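Below is one structure; the comments refer to it alone.
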Amino acid sequence: MNRFNFKDIENKWQKLWEQKKVHISKKDTNKKKFYCLEMFPYPSGKIHMGHVRNYTIGDVLSRYKTLKGYNVLHPMGWDSFGMPAENAAKQNNLNPKTWTESNIKTMKSQLKQLGLSIDWDREISTCSADYYKHQQKLFLELYDKGLVYRKESYVNWDPIDKTVLANEQVIDGKGWRSGAVVERKKLNQWFFKISKFSDELLRDLDSLNEWPEKVKTMQKNWIGKSLGCEINFKIEGSKEIDLIRCFTTRPDTLFGFSFLAVSIDHPLSKYYEDNAEFKNFKKECSKTGTTEESIAQATKIGFKTDLLAINPLDNLIKVPVYFANFVLMDYGFGAVFGCPAHDQRDFDFAKKYKLKIKTVVKPDNEDDNFTVKDEAYSGPGTLINSKFLDGLKAPDQSIRETIKFLENKNLGEKKINYRLKDWGVSRQRYWGCPIPIAYDENNDIIKIPENQLPVKLPENVNINVNGNPLDTQDDWKKVTINGKICSRETDTLDTFVDSSWYFLRFCSANNKSLAFDKSDLDYWMPVDQYIGGVEHAILHLLYSRFFMRAINLNNPGVKIVEPFKGLFTQGMVCHETYKDSNDNWLSPDEIFSENGREYFLKKDPKQKVRIGPSESMSKSKRNTIDPQNIINLYGADAVRFFILADSPPERDVQWSDEGMISAYKFIQKFWLLNEQILEITKKKSHSDDKEKEIDIFTNQSIYKINQALDKFRYNVIIATCHEIYSFFKKISENKKNYKNLKKNFEKILLVMMPIIPHISSECLDKLNYNENFRWPEVDLKYLQNENNNIVIQVNGKKRGLVSVQKNIEENDLIKVIKDKELIKNYLNNGNLLKTIYIKNKLINYIIK
RNA sequence: GCCCUCGUGGUGAAAUUGGUAGACACAAAGGACUUAAAAUCCUUGCCGCUUGCGGAGUGCCAGUUCGAGUCUGGCCGAGGGCACCA
């Protein structure tokens with residue numbers, strides 16, 4: 001008997017699959033399609049464990065659906081524009097293109113070593129002009145539809161990366177990549193009008209019933225729909241302004257109005273630009289930072305103007321107008337009416353500037369003399385101190401009635417507001433898709449004509465410059481359009497644009513003239529199962545949903561609205577963290593242990609290692625495991641087997657060397673089992689009762705795996721594989737060639753194929769299996785044992801177990817068990833009130 | 001603060017969706033084989049007493065039910081998301 005030589009055998013099958021083009025998919029309208037897509041990787045150098053998990057999950061599904069007879073599309077590509085290439089280029093004086101292409105080569109070969117069933121004929125790379133030329137056309141199409149516009153606006157400026165960040169890319173006031181504290185800067189920027197679809201993007205979430213609720217909730221919150229009222233406040237004072245518009249969700253608290261606050265960016269500020277005190281205030285505000293987060297941390301400060309705002313419900317109530325640091329220009333109209341009694345921010349502000357705090361809502365368990373004291377009250381209740389509004393139930397009735405009143409008197413208007421802002425796509429970077437726009441001598445926008453597309457990114461550019469390297473390319477910038485000399489846009493597109501439509505490109509990956517062919521989309525789209533990390537729950541998924549709608553706008557040919565029918569978000573791969581006595585991170589390679597509990601430094605065995613919590617693998621914490629080493633040591637099937645074992649795919653999984661070794665041992669012993677069965681099947685065939693057992697076990701296992709596959713419960717499949725091994729191991733020890741042994745074992749190999757394709761294929765080959773690979777049908781008659789174990793309970797507690805014939809009637813069952821010593825004792829020591837019999841499951845005696 | 005998710009042995013986890021809690025695996029301990037080690041195999045969730053049996057037991061407290069890990073309400077804890085969003 002031979003060991004399983006994974007190196008040779010895995011290589012053999014990978015080559016064979018490639019030669020026979022078994023993973024190449026062709027449109028075939030007679031066959032039911034299945035589009036399985038994993039989020040494509042950024043080619044950063046080599047694959048990491050997260051990739052291994054992500055792509056194994058997708059591969060299991062693809063292979064399963066193929067066995068089930070679907071025409072499966074399982075493509076792969078490269079999200080290959082982006083800053084790491086530029087950073088690497090700067091650090092090592094490399095060309096971003098060369099660097100990226102070499103990484104792609106490495107990673108592609110690594111993915112192939114995992115035995116993934118990918119259609120490499122459809123490979124795409126977003127940094128190739130073959131890809132981005134279509135993107136430039138799409139950009140211009142959206143521009144013609146009015147979904148792209150340019151405006152001067154404040155942007156989040158990352159001083160390290162020297163680039164603009166989307167609001168979504170600012171995390172805790174810092175750039176999501178560089179970690180630099182974000183500054184504010186005013187620039188001319190290109191925007192996608194995602195807000196046009198706010199309502200649709202929100203509403204259609206309800207149709208995505210194969211998405212995790214968590215992701216849908218996050219998108220809902222991100223879009224942030226709120227129903228409220230727009231109110232115009234009359235202004236009195238020395239300036240030429242007579243109205244300030246506010247948006248409020250609580251118009252019913254208008255009688256608690258004690259100040260009006262506007263953002264420092266509000267148009268009102270132009271009247272105070274020369275005011276030294278205001279300038280100081282503005283400076284004070286900028287000191288506290290400009291991101292929402294840092295504003296949040298700062299104490300509330302205000303600048304009192306000489307203006308008064310009049311309460312629209314009572315002209316006699318006039319309150320001061322402030323500039324305040326906590327009011328955002330981006331949301332609503334950059335102005336809020338302050339009601340300190342029922343809003344904590346307003347309360348804090350009012351306390352600081354000694355403004356009136358008038359209670360207008362009382363909780364239902366309080367009387368009319370209730371007043372707000374130490375904190376604002378924002379709960380439900382009844383309106384008080386509000387004249388004609390008194391007695392209304394807050395919040396629902398009172399808001400509804402107040403809006404009605406304001407609308408009737410022309411003082412306000414019902415309004416729906418969204419938190420979602422338009423998507424800024426301009427990036428001051430070199431390594432991205434050029435924006436196909438130029439400007440003439442009047443700085444008017446000129447579209448690059450179709451016959452001058454694509455706008456190719458110039459090569460051999462010195463990128464060791466501050467700011468955008470494209471700005472320095474005078475030859476490239478100069479372009480003649482219709483005889484006019486123009487200057488190109490030097491900003492490139494956010495890489496989220498690249499990934500917002502790549503799933504469409506896969507459908508027509510080799511179409512030279514079109515980004516995608518509508519008939520291809522009709523067949524392949526939507527993506528039936530999309531698989532990736534939850535970190536893209538908002539940005540990438542929302543942008544892709546927007547792109548689909550943008551393409552569909554005025555384009556009745558495209559039928560699909562939602563790009564991803566099913567979404568699965570897998571958990572991360574974690575590993576323990578280690579530190580030495582000086583608090584430096586240690587990699588697992590640098591330490592050793594003799595008892596599995598205490599670790600020591602290899603280079604200094606006396607030094608004890610501090611074991612930290614298990615965290616997601618990251619280079620900075622040095623707790624990564626290189627998949628390449630693991631593949632070399634144990635082979636692809638063992639890695640696939642391990643990465644799916646133990647934890648359900650949506651949860652984090654712990655990397656453990658012991659677990660990996662256990663998976664490797666499983667592959668090895670399974671191979672030996674196959675060799676044994678092969679030997680046995682050469683013997684004369686044999687028939688006895690065991691055959692039935694084999695049939696039952698096989699069918700039940702296939703059923704179990706089938707169920708688990710349909711629900712992404714891959715860890716249960718691994719457990720079942722272990723059970724399968726134990727069962728057939730025992731059977732093979734009899735050394736009898738049961739008539740149905742070979743057939744059943746072949747079925748088992750077929751259902752294991754999605755998980756461990758190489759060894760399963762090889763085993764089938766060894767057994768001379770030469771039929772087509774098809775998912776075996778489950779024979780339902782084997783799913784229930786003929787003899788059933790019935791649980792005997794007394795007062796709901798398990799007291800015994802009896803094996804009886806299936807579908808036995810209650811009276812017959814009682815005859816069987818009434819003589820049991822145990823039951824007799826219970827029955828003799830109490831009164832039997834009743835018995836509950838659940839067929840084939842249990843009998844429960846109720847005894848007092 | 002609000003929203004979401006999750007709490008099961010030393011660990012990762014199963015549990016046919018209300019019916020035998022802890023499948024499967026890791027670790028640890030004990031045992032078998034071996035001159036010995038490695039490898040392999042077997043046993044072990046906890047607390048009692050002698051095999052066997054009894055008791056408690058799925059974060060905590062109630063409730064519904066013949067029966068609750070599963071359903072309902074409240075509390076506690078962990079993780080994630082959002083936020084001076086008016």
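Keep in mind that this is a model prediction, so the values were computed, not measured. Just so we're on the same page: letters track the sequence lines, and every chain starts at 1.
- No side-chain donor from either of Y837(A) and N844(A) sits under 3.5 Å from a side-chain acceptor of the other.
- F712(A) has its ring centre less than 6.0 Å from the ring centre of Y714(A).
- When ring centroids are compared, F281(A) and F323(A) stay outside the 6.0 Å threshold.
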Sort me out a list of protein N/O and nucleotides 18-24 of chain B N/O pairs below 3.5 Å, or just none if empty.
from: G19(B); atom 1: N2; to: Q793(A); atom 2: OE1; distance (Å): 3.3
from: A23(B); atom 1: O2'; to: E723(A); atom 2: OE2; distance (Å): 2.8

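- Using the Watson-Crick or G-U wobble rule with both distances under 3.5 Å, A39(B) pairs with nothing in any strand shown.
- When Watson-Crick and G-U wobble pairs are counted only if both distances are under 3.5 Å, U5(B) pairs with A78(B).
- Taking atom P in both G9(B) and U5(B), one finds a spacing of 22 Å when rounded to whole Å.
- Atom-to-atom, CD1 of I223(A) to P of C85(B) comes out at 19 Å; the value is rounded to the nearest Å.
- The nucleotide A13(B) finds no pairing partner, because no Watson-Crick or G-U wobble arrangement with both distances shorter than 3.5 Å includes it.
- The P atoms of A37(B) and G30(B) are separated by 13 Å, rounded to the nearest whole Å.
- Among F349(A), F337(A), F303(A), the single residue meeting the ring-ring contact (aromatic ring centres under 6.0 Å, His included) criterion with Y322(A) is F349(A).
- For C61(B) and G22(B), the C1' atoms lie 25 Å apart once the distance is rounded to whole Å.
- Taking the centre of each ring, F727(A) and H722(A) stay at or above the 6.0 Å mark.
- Per the geometry, CG belonging to L833(A) stands 12 Å off P belonging to G67(B), to the nearest Å.
- Among the protein residues, K220(A) comes within range of no part of the nucleic acid, since none of its heavy atoms lies under 4.0 Å from any strand.
- To the nearest whole angstrom, the two P atoms, one in C75(B) and one in G80(B), are 23 Å apart.
- Taking the six-membered ring where the residue is Trp, the centroids of F247(A) and F333(A) are separated by 6.0 Å or more.
- Relative to the ring axis of Y725(A), K669(A) places its NZ or CZ within 45° and under 6.0 Å from the centre.
- Separating the CG atom of N699(A) from the P atom of U16(B) is a distance of 21 Å, rounded to the nearest angstrom.
- When the P atom of C6(B) is taken as reference, atom CD of E213(A) falls 11 Å away, rounded to whole Å.
- Both E658(A) and T217(A) lie near RNA chain B, and the one whose nearest nucleotide falls closer to the 5' end is T217(A).
- Among the nucleotides A13(B), C66(B), A83(B), the one closest to any side-chain atom of S647(A) is A13(B).
- Comment: E810(A) does not engage K839(A) in a salt bridge, judged by the lack of any side-chain N to carboxylate O separation of less than 4.0 angstrom.
- Between the C1' atom of U5(B) and the CE atom of M218(A) lies a distance of 11 Å, rounded to the nearest Å.
- For the pair L832(A) CG and C66(B) C1', the computed distance is 12 Å after rounding to whole Å.
- A cation-pi arrangement is present between R419(A) and W222(A), with the terminal nitrogen or guanidinium carbon under 6.0 Å from the aromatic centre and inside a 45° cone about the axis.
- The nucleotide G73(B) finds its pairing partner in C61(B), both defining distances of the Watson-Crick or G-U wobble pair being shorter than 3.5 Å.
- Regarding the sugar-base torsion, G30(B) falls in the anti class, its angle being beyond 90° of 0.
- Under the Watson-Crick or G-U wobble criterion, with both distances below 3.5 Å, U51(B) is left unpaired in every strand shown.
- Here the two rings, on W655(A) and F642(A), have centers that are under 6.0 Å apart.
- Nucleotide C33(B): unpaired (no Watson-Crick or G-U wobble partner with both distances less than 3.5 Å).
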Grab the N/O contacts between the protein and nucleotides 37-48 of chain B below 3.5 Å, and write none if there aren't any.
from: U40(B); atom 1: OP1; to: K665(A); atom 2: NZ; distance (Å): 3.4

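- Remark: the R545(A) side chain and the Q219(A) side chain contain an N/O donor-acceptor pair separated by less than 3.5 Å.
- Each of S662(A) and D348(A) lies near RNA chain B, and the nucleotide nearest S662(A) is the one positioned closer to the 5' end.
- Residue-level contact check: T248(A) touches the backbone only, with heavy atoms under 4.0 Å from sugar-phosphate atoms and none from bases.
- Rounded to whole angstrom, the span from the CD1 atom of I538(A) across to the C1' atom of A83(B) amounts to 13 Å.
- The distance between atom CE of M572(A) and atom P of G79(B), rounded to the nearest whole Å, is 13 Å.
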